[in-house]
**Q** 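Below you'll find the structure I mean.
As the structure is a computational prediction, the values presented were derived from the model and not from experiment. Naming: A, B, ... by sequence-line order, numbering from 1 per chain.
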Amino acid sequence: MPAFETLLSPVILFFVLGALAAAARSDLSVPEPLAKSLSLYLMAAIGLKGGVQVSQAGFTPQLLQVSAAGMALSFALPLMAFALLRGFARLDRLNAGAVAAHYGSVSIVTFVTASDALTRSGIAPAGYMVAVMALMETPAVITGLLLARGSGTLSRGQRGKLLREVLLNGSVVLLLGSFLIGLAIGKTRFEPIAPVFVTGFTGLLCLFLLDMGLIAMRRLRESRALNWRMAALGIALPLVNGAIGLGVAALLGLDPGTGAALAMLAASASYIAVPAAVRLALPDADPGIYLSMSLAVTFPFNILLGIPLVIQLAPLVLT
Amino acid sequence: MPAFETLLSPVILFFVLGALAAAARSDLSVPEPLAKSLSLYLMAAIGLKGGVQVSQAGFTPQLLQVSAAGMALSFALPLMAFALLRGFARLDRLNAGAVAAHYGSVSIVTFVTASDALTRSGIAPAGYMVAVMALMETPAVITGLLLARGSGTLSRGQRGKLLREVLLNGSVVLLLGSFLIGLAIGKTRFEPIAPVFVTGFTGLLCLFLLDMGLIAMRRLRESRALNWRMAALGIALPLVNGAIGLGVAALLGLDPGTGAALAMLAASASYIAVPAAVRLALPDADPGIYLSMSLAVTFPFNILLGIPLVIQLAPLVLT
Amino acid sequence: MPAFETLLSPVILFFVLGALAAAARSDLSVPEPLAKSLSLYLMAAIGLKGGVQVSQAGFTPQLLQVSAAGMALSFALPLMAFALLRGFARLDRLNAGAVAAHYGSVSIVTFVTASDALTRSGIAPAGYMVAVMALMETPAVITGLLLARGSGTLSRGQRGKLLREVLLNGSVVLLLGSFLIGLAIGKTRFEPIAPVFVTGFTGLLCLFLLDMGLIAMRRLRESRALNWRMAALGIALPLVNGAIGLGVAALLGLDPGTGAALAMLAASASYIAVPAAVRLALPDADPGIYLSMSLAVTFPFNILLGIPLVIQLAPLVLT
Amino acid sequence: MITTHTRKRIDILIDAPLCDWLIEQAAAAEIVHHSILPVESGLGRTGAWRDEGFGTVAKRMFVALSNKQKVAALLERLAPDIERYGLVIAVYDVEVVRGERF
Amino acid sequence: MITTHTRKRIDILIDAPLCDWLIEQAAAAEIVHHSILPVESGLGRTGAWRDEGFGTVAKRMFVALSNKQKVAALLERLAPDIERYGLVIAVYDVEVVRGERF
Amino acid sequence: MITTHTRKRIDILIDAPLCDWLIEQAAAAEIVHHSILPVESGLGRTGAWRDEGFGTVAKRMFVALSNKQKVAALLERLAPDIERYGLVIAVYDVEVVRGERF
Ligand SMILES: Nc1ncnc2c1ncn2[C@@H]1O[C@H](COP(=O)(O)O)[C@@H](O)[C@H]1O
Ligand SMILES: Nc1ncnc2c1ncn2[C@@H]1O[C@H](COP(=O)(O)O)[C@@H](O)[C@H]1O
Ligand SMILES: Nc1ncnc2c1ncn2[C@@H]1O[C@H](COP(=O)(O)O)[C@@H](O)[C@H]1O
Ligand code: NA
Ligand code: NA
Ligand code: NA
């Protein structure tokens, strides 16, 4: 029962503990600088590990293929999301575009938790998936913006800022930078820092997910803007996007672990980098909608059900 | 010379370093978010370890007995403390009740330091003592309040808030939650997170006690409200309460380690959870009194003398 | 190629990543409390390690000699720096004195990075060098002040404050305190805390240097006060001071590792403790000058070129 | 020119554990909207404090923009507790945009 | 006695991601100098928020001392965006030293 | 109605390392009670700064409620150092409760 196994992992249980504490209105809380520090740590750690793995496995044409596919997904996934958000959830153009940008992008924590679970299930994803994730983070913002406002409505200054956001966003830089460092140093020189970045990883992830449980549930409790149609899409979109991701993985002939990771990237929605970019570029869109959908609905769904599901399905679909 | 041994442990020496630095008015200081993060970490770590231990040792009737005894102590210890505070320290009813609440409750850091020292002395306490500690944290607040104000003076809203404080206080939730997680995952699934929560424990405790030394000594330096009678009680109360705790442990037939831990819980006084609750429920009580007594007198006394003392006595009393 | 080796270490690469991110104006940033926490951690860790080493190697007359030489360097190095800053960089008396104080003092991070690199190159410095560093931190402030304002211009109150700064500065207290703790506990009692203070060291240093790269490059970008003459001195001074340090090491007959560490202490410039002291004691001096020179020029120079250089030279000069 | 309206700003220094209580009192006086600012340290009649995480009762600064009537109502409500809770209150006139909000 | 001058202080509560935009707007209105204060939590028409690192759009408080004309110019510039950006603005008279600076 | 009194509030932006000095100056002018607020970043004539722990001289905001005379006395005391310490000072009228305290 690998799915059940996943739910009994301490990482998930700390997420549940946080969510229950917030639901019961406990005053438990994680200091904001700790939350930010842990997220920097997680990004550096997975970047490094991915780079070291690629330094051993070598560059393969597959790496380029998957990177291209990932970026294409990030650009394209907002399109269908937009249609569903307009048609089913009845959002206006502006908010639909804003939400779509989040679902085209990725959630780093979802990816990290999925990698951890996949590795424990014996199907570790390829190291280069970290780089793919970094590449998938921001293209969706462009599609989302064009959907929300139509092309040509961006001033030159705004376009510059958007491009900077896409290319130089802190998490993109840290993920790709750590990946390149891992690539450059290789396994031997990684050893002295492995205790912090490998041995400590799962334990620190527990603390981070405790906080994410608190934050996601508080968001859910306070989200006035969320109606059942949006909540339903917050569950449907990861299923649809995840299925598309799995399909692309099958087309590319990926192994189960790597394919499952791509599926989870497609299924996940950003709630850190994209909200900040969208708040700036689409100030009239309602953060209450896009943050609640991605953080309070899709994120817990992926952690609790999406990951076990993909662990079950990937080995069947990808062989 | 186990007592001397205890004082030479790095954990205690960092506490002394912090106290000396503050006494000499050095500008050394620990960022507040680090202090809070370390305290979250310590609670998660001891909760987990306790849970994993119980998952191996199995539930025993003793666990229930000690839990009941612990809660009874938390409810009852404020009574004698109140009498001494009124009679000897000449505090008014209000402040005596407020201080009594602190001495009925527990200090998590004292417990953690004691567990560490007991374990190194070869008499590790039972894992379930973490749960007992969580249960002992808040009942004392109720007794303290009733003593300070008489029953019937609480409005319904206040009673609700108090109950929430008692049951859903952040540290109670985190301690019990981590304990249950440890219980659920057991030893095998604990392994991947053990490097953070076990291997790193004593080292991080050093940093935390450095900060506690700074804070306790600064409190002592700045406490205008403290007179010699209160200071004397700050030393007498842990001795009396610790003796009572040891007596209860003997009645229950506990082993030396577990009994010593119960004694230290009885001897210790809260300076994190209870002050916040009391500030809200007894706004007219003087924080200068209850914080100074528990943090600046009793806490250092327990760390420096109480723990070595109980390590000496417990094996003699409990066999 | 040990020099090239040094540049490929993850520690240095994270520094470069930070610098590049800041140069490209990425919004990557490290929370301020994490930066301060890491610096506390690094000081406690190297203090402990040094103390434990001395507890094994025993006290030697050399320890006292090198301590005296270090303090003498800290007092004396500002003199030549002052002359160069006045003559070549054309700074007024006040700013020249302020900058000189920084170059007589030391950079803890530079020392830590150098120790790490020296140890990996097989020439670990003696443990007591941590104590020497702590002793070198503050004397330079006195010389710098006298140079800037002439003697006799300090009021009694100011002299008291200065002395307190010199003796009780937080980093001096933590370094010497941890050193003494390490000395007291020795190798066996150090074991339980070694996972945090030794095993985790290099990995956490990576995160800290990522932040230092960001901060140094941001400082460089925003430093309006810096002209090419000051920048040139920011490179010349570490070379000159480092050479003097190496000379003193040769006179004292130090081994290559210990001598290299003394040279790096002489070559490095303070950018944490001294700026705060100088801002208070010389309010009319321009922080834009002294912070930019020490942090944005000398620090990166030492990390990227100074350390590899001394690793090459020390074994040739000291045998 | 953009029109502004004269409203009141009320800043209240309060112990962190009492913050929720104050927010309730303000809401009861119809001052629902507010912001809370961190405070680092201070010195008062009860001595010095510094927000170090423990060992002290830390403070926050409650800030609200509202109209005269509501601020007066809040002060009325707080009056019996100002002394015992050690509240430090400052009220002053400010010009606001979108005056109908406040 | 030290001479003081009457100037304006303008405090603007703004979403953290919009801070750079506001700084640009202020600079365009010749209010180049400013300070940014942290804000911990708040409650407005769009609900409650708390700066927990993620999950919310955190706020900052932009504070500038300047003269009447420049503050008016800034308000003029901000006018079209005040509603959509949810800016909470307070302007008030203060006495400053070194009046020529502001 | 609760009675309020008009007092002065003085806000001083100051380099963190100079905070203790300012507190002493204020105490010498009989303004003993005060609060210190954190400041995150800023831009002035000497350039931009951001409190990142190192690499910059961070700022704090000293806030005190007091009466006219004491505030004037403090300004008098600070006068010779305002320029060199780069103090940014704002003084304004506020209504306070418990006026006898200030
Ligand atoms: N006049 C004042 N101006 C600014 N802050 C004050 C003033 N009086 C008190 N405070 C703040 O309120 C806290 C508690 O004051 P007290 O209740 O007098 O001890 C102090 O530590 C300061 O942070
Ligand atoms: N009247 C007010 N006084 C103080 N802060 C306010 C006020 N109105 C709104 N805010 C702050 O601005 C944030 C956003 O407000 P809103 O756009 O109305 O949701 C709130 O969460 C508060 O932090
Ligand atoms: N007019 C102003 N309004 C608000 N803050 C200011 C103003 N001028 C200066 N500051 C603050 O004071 C700091 C130092 O100013 P300066 O000494 O001019 O570089 C700036 O970085 C700002 O944080
Ligand atoms: Na996605
Ligand atoms: Na107790
Ligand atoms: Na030096």
**Q** Any side-chain heavy atom of V94(E) within less than 4.5 Å of one from V91(F)?
**A**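 With C-beta onward as the side chain, the pair stays apart.
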**Q** Put together the list of donor-acceptor pairs under 3.5 Å connecting chain F with chain E, please.
**A**
from	atom 1	to	atom 2	distance (Å)
D11(F)	OD2	R9(E)	NH1	2.6
E40(F)	N	I36(E)	O	2.7
E40(F)	OE1	R60(E)	NE	2.9
E40(F)	OE2	R60(E)	NE	3.1
S41(F)	N	I36(E)	O	3.4
S41(F)	O	I36(E)	N	2.8
L43(F)	N	H34(E)	O	2.9
L43(F)	O	H34(E)	N	3.0
E76(F)	OE1	I2(E)	N	3.1
E83(F)	OE1	R98(E)	NH1	3.3
E83(F)	OE2	R98(E)	NH1	3.3
L87(F)	O	R98(E)	NH2	2.6
V91(F)	N	E95(E)	O	2.9
V91(F)	O	E95(E)	N	2.7

**Q** Given that the side chain runs from C-beta out, which part of L13(F) has a heavy atom under 4.5 Å from chain E: side chain, backbone, both or neither?
**A** side chain
**Q** Could you go through the side chain to side chain contact (heavy atoms under 4.5 Å, CB included) check for V96(E) and I89(F) one step at a time?
**A** CA-CA 6 Å; V96(E) 303; I89(F) 305 179; over 6 Å; no
**Q** Minimum heavy-atom separation for V39(F) to P38(E), with atom names?
**A** CA-CD, 4.1 Å
**Q** How about I2(E) and I82(F): do any of their side-chain heavy atoms sit closer than 4.5 Å?
**A**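 Heavy-atom side-chain distance check passes, below 4.5 Å.
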**Q** Can you sort out the partners of A48(E) under side chain to side chain contact (heavy atoms under 4.5 Å, CB included), two or more places apart, ordered by chain and number?
**A** E222(A), L43(E)
**Q** Measure F102(E) against the heavy atoms of chain F and call it side chain, backbone, both or neither at under 4.5 Å.
**A**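 It is the side chain, since no backbone atom gets that close.
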